[in-house]
2 protein chains.
Amino acid sequence: MTTLTAAGIEPLFRLLGRYMPLEEEDRAALMGLETGPICIRDPRHDIAREGENPSVVRLLVSGWACRYKDLPDGRRQIVGFFLPGDFCDLNIYILKELDHSIGALTAVRYFEIQPQQFQSVIEDRPQLLRALLWHEMVCSGIQREWLLSIGQRSPLERLAHLFVELYYRLSAVGLATGLSFDFPITQNHLAEANGLSLVHLNRTLQEMRRERLIELSDKQLRINDLDRLKRVAMFNSNYLHFDRPTVGAAPARRNPSP
Amino acid sequence: MTTLTAAGIEPLFRLLGRYMPLEEEDRAALMGLETGPICIRDPRHDIAREGENPSVVRLLVSGWACRYKDLPDGRRQIVGFFLPGDFCDLNIYILKELDHSIGALTAVRYFEIQPQQFQSVIEDRPQLLRALLWHEMVCSGIQREWLLSIGQRSPLERLAHLFVELYYRLSAVGLATGLSFDFPITQNHLAEANGLSLVHLNRTLQEMRRERLIELSDKQLRINDLDRLKRVAMFNSNYLHFDRPTVGAAPARRNPSP
DNA sequence: CCTGCACACTAACGCAGATTAGCGGCGCGA
DNA sequence: TCGCGCCGCTAATCTGCGTTAGTGTGCAGG
């Protein structure tokens with residue numbers, strides 16, 4: 001058993017800092033969490049499967065993962081993305097069985113933390129419990145927004161909305177450089193997240209490029225005109241509940257080193 | 001200020017009882033919550049609007065309500081139903097601003113409870129906090145399932161799935177009689193919840209009737225063959241996390257008296 | 001009484017988006 | 001070095017579903 005590395009939880013610090021001010025003691029308490037060695041998973045490798053009863057909380061350090069659900073006949077829906085700084089399933093505290101699966105979309109690195117590790121942290125620093133619950137509720141709000149997207153927004157609007165959302169979330173953890181960021185997932189993943197066929201997703205992507213809304217190549221996404229993209233998406237950032245401005249607005253390394 | 005009525009809180013008891021055994025002291029603690037007089041709202045009347053900062057927790061006693069989100073151009077998506085026994089937005093504990101609206105779908109009756117009222121209840125009976133969090137997480141799971149439905153299931157499968165879900169949830173609070181239950185909402189509401197046009201929803205409903213899956217008229221829904229309906233919907237009840245069987249399996253009055 | 005409105009339901013039409021098929025480039029392992 | 005599979009991309013076809021426009025019924029209000 002070891003503890004978290006400073007670079008490893010930097011995204012988490014930044015994220016929680018968007019919700020409320022973090023004091024030095026809060027950071028110290030989080031740094032004190034004991035964990036196993038850092039885990040590494042390949043893309044397309046599942047981290048957890050529906051029906052399992054995982055006994056650890058996972059903190060994503062680098063790479064992208066997702067929550068997904070699938071049907072017996074193979075249809076698959078990605079219901080959320082995990083970005084660095086996100087906990088995968090804090091809810092194992094309460095629920096016994098996973099009602100969805102968790103998969104890696106790229107190579108990922110994460111820490112595994114025993115739930116009881118949080119106990120003392122929360123007792124010492126009740127504000128941290130608040131921050132963690134806050135994050136859970138934001139995740140829930142994001143799901144509501146996705147429901148609105150898939151149910152009502154056109155494919156173009158939907159995709160635009162997702163890109164703006166990811167831009168906000170990646171900025172929050174210091175992984176955007178200006179209006180550009182690493183975008184390591186495939187068009188197939190995008191299609192699965194948006195309830196579109198691969199072909200149609202590609203068409204929509206072409207249209208966005210034609211409209212000069214974005215540039216996407218070599219796993220890099222660049223937003224050309226954020227305001228216009230937000231207008232197209234009818235984007236309202238309230239559901240992210242980032243009550244405090246991005247601290248530092250740092251020029252941000254692409255990959256936090258281990 | 002008064003306290004909850006016995007009949008008013010019965011659905012909540014039944015619901016929490018599906019998650020874990022409720023002791024007499026738990027019931028007593030909940031009954032002790034102080035509340036304002038019971039509120040009454042007409043259908044189509046909003047209970048709360050996006051952007052507001054509500055300072056009360058609402059406990060639905062009778063009637064159906066919904067969470068919804070809308071876009072500036074009027075498109076609307078219902079992202080969840082509230083049935084008797086449900087709390088509308090426990091999350092005001094943490095989040096300051098509502099990122100969605102809450103609307104009445106029928107005439108509804110509910111209690112308004114001050115958040116601080118929960119404080120002592122939770123301190124006395126920590127299991128109740130657990131039950132309330134559990135319910136929040138189930139709501140979150142339901143949203144994920146809806147995402148899967150809207151993203152991947154065909155309209156027929158989607159509708160079938162929703163009906164089975166509502167059957168389970170209504171049974172849990174004692175509002176189903178065998179395979180029948182009050183179904184007080186309009187086809188328009190169903191369309192808005194399923195991301196379908198009204199016309200197409202109607203077509204799909206006809207198809208379900210033709211296939212003898214359900215009967216629906218006079219605001220009463222009857223499931224003709226639950227197993228077949230579940231098969232069509234590819235329904236897996238795990239996401240509801242009802243760990244304990246329905247208690248009593250009571251023949252259940254339709255409308256709990258005030 | 002008629003008027004107006006909400007609601008369930010239907011028909012005709014057209015398009016958005018699924019499906020199937022196939023292209024070329026690239027990285028990887030044999 | 002040559003496959004082989006993944007990935008981005010495109011074209012042709014067909015259909016599910018949205019749109020528009022209606023009908024009929026029941027009910028509340030003037």
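In what follows, every chain begins at residue 1, and chains take the letters A, B, ... in the order their sequences are listed.
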Chemist: From C-beta outward on B/Ser197, which listed nucleotide comes closest to its side chain: C/dA8, D/dT19, C/dA18?
Modeler: D/dT19
Chemist: Give the nucleotide from the list C/dG17, D/dG18, C/dC9 with an atom nearest to the side chain of A/Pro155.
Modeler: C/dG17
Chemist: Could you work out which one of C/dT19, C/dA12, D/dG8 sits closest to the side chain of B/Arg203?
Modeler: C/dA12
Chemist: From CD of B/Glu207 over to C1' of D/dG16, roughly how many Å is that when rounded to an integer?
Modeler: 11 Å
Chemist: Would you call B/Lys69-A/Glu145 a salt bridge at under 4.0 Å N-O?
Modeler: yes
Chemist: Using whole Å, what does the distance between atom P of nucleotide C/dG17 and atom CD of A/Gln206 come to?
Modeler: 16 Å
Chemist: Considering only NZ, NE, NH1 and NH2 on the basic side and carboxylate oxygens on the acidic side, decide whether B/Asp89 and B/Arg67 come within less than 4.0 Å.
Modeler: yes
Chemist: Judged by each residue's nearest nucleotide on DNA chain C, which is more toward the 5′ side, B/Arg209 or A/His200?
Modeler: B/Arg209
Chemist: Is the distance from OP1 or OP2 of D/dT10 to the nearest side-chain N or O of A/Asn202 less than 4.0 Å?
Modeler: yes
Chemist: Which whole-number value in Å describes the distance from A/Ile150 CD1 to C/dG17 P?
Modeler: 13 Å
Chemist: Atom CZ of B/Arg210 and atom P of C/dC9: how far apart are they, to the nearest Å?
Modeler: 12 Å
Chemist: In whole Å, what is the span from the CG atom of B/Asp218 to the P atom of D/dG26?
Modeler: 11 Å
Chemist: I'd like to know if B/Glu165 and B/Lys230 make a salt bridge, using a cut-off of under 4.0 Å between side-chain N and carboxylate O.
Modeler: no
Chemist: Is the centre of the B/His241 ring less than 6.0 Å from the centre of the B/Tyr168 ring?
Modeler: no
Chemist: Need one value for B/Leu196: base, sugar-phosphate or nothing, where a base atom within 4.0 Å counts as base even if backbone is also close, heavy atoms only.
Modeler: sugar-phosphate
Chemist: Check this for me, if you would: do A/Arg144 and B/Asp99 make a salt bridge, where the nitrogen-to-carboxylate-oxygen distance has to be below 4.0 angstrom?
Modeler: yes
Chemist: In whole Å, I'd like the distance from the CG atom of B/Leu156 to the C1' atom of D/dG16.
Modeler: 13 Å
Chemist: Once you round it to whole Å, what is the distance between C1' of D/dC9 and CG of A/Leu198?
Modeler: 9 Å
Chemist: Could you tell me how far apart B/Ile214 (CD1) and C/dA8 (P) are, to the nearest whole angstrom?
Modeler: 13 Å
Chemist: Which nucleotide wins on minimum distance to the side chain of B/Val199, given the candidates C/dG17, D/dC17, C/dT10?
Modeler: C/dT10
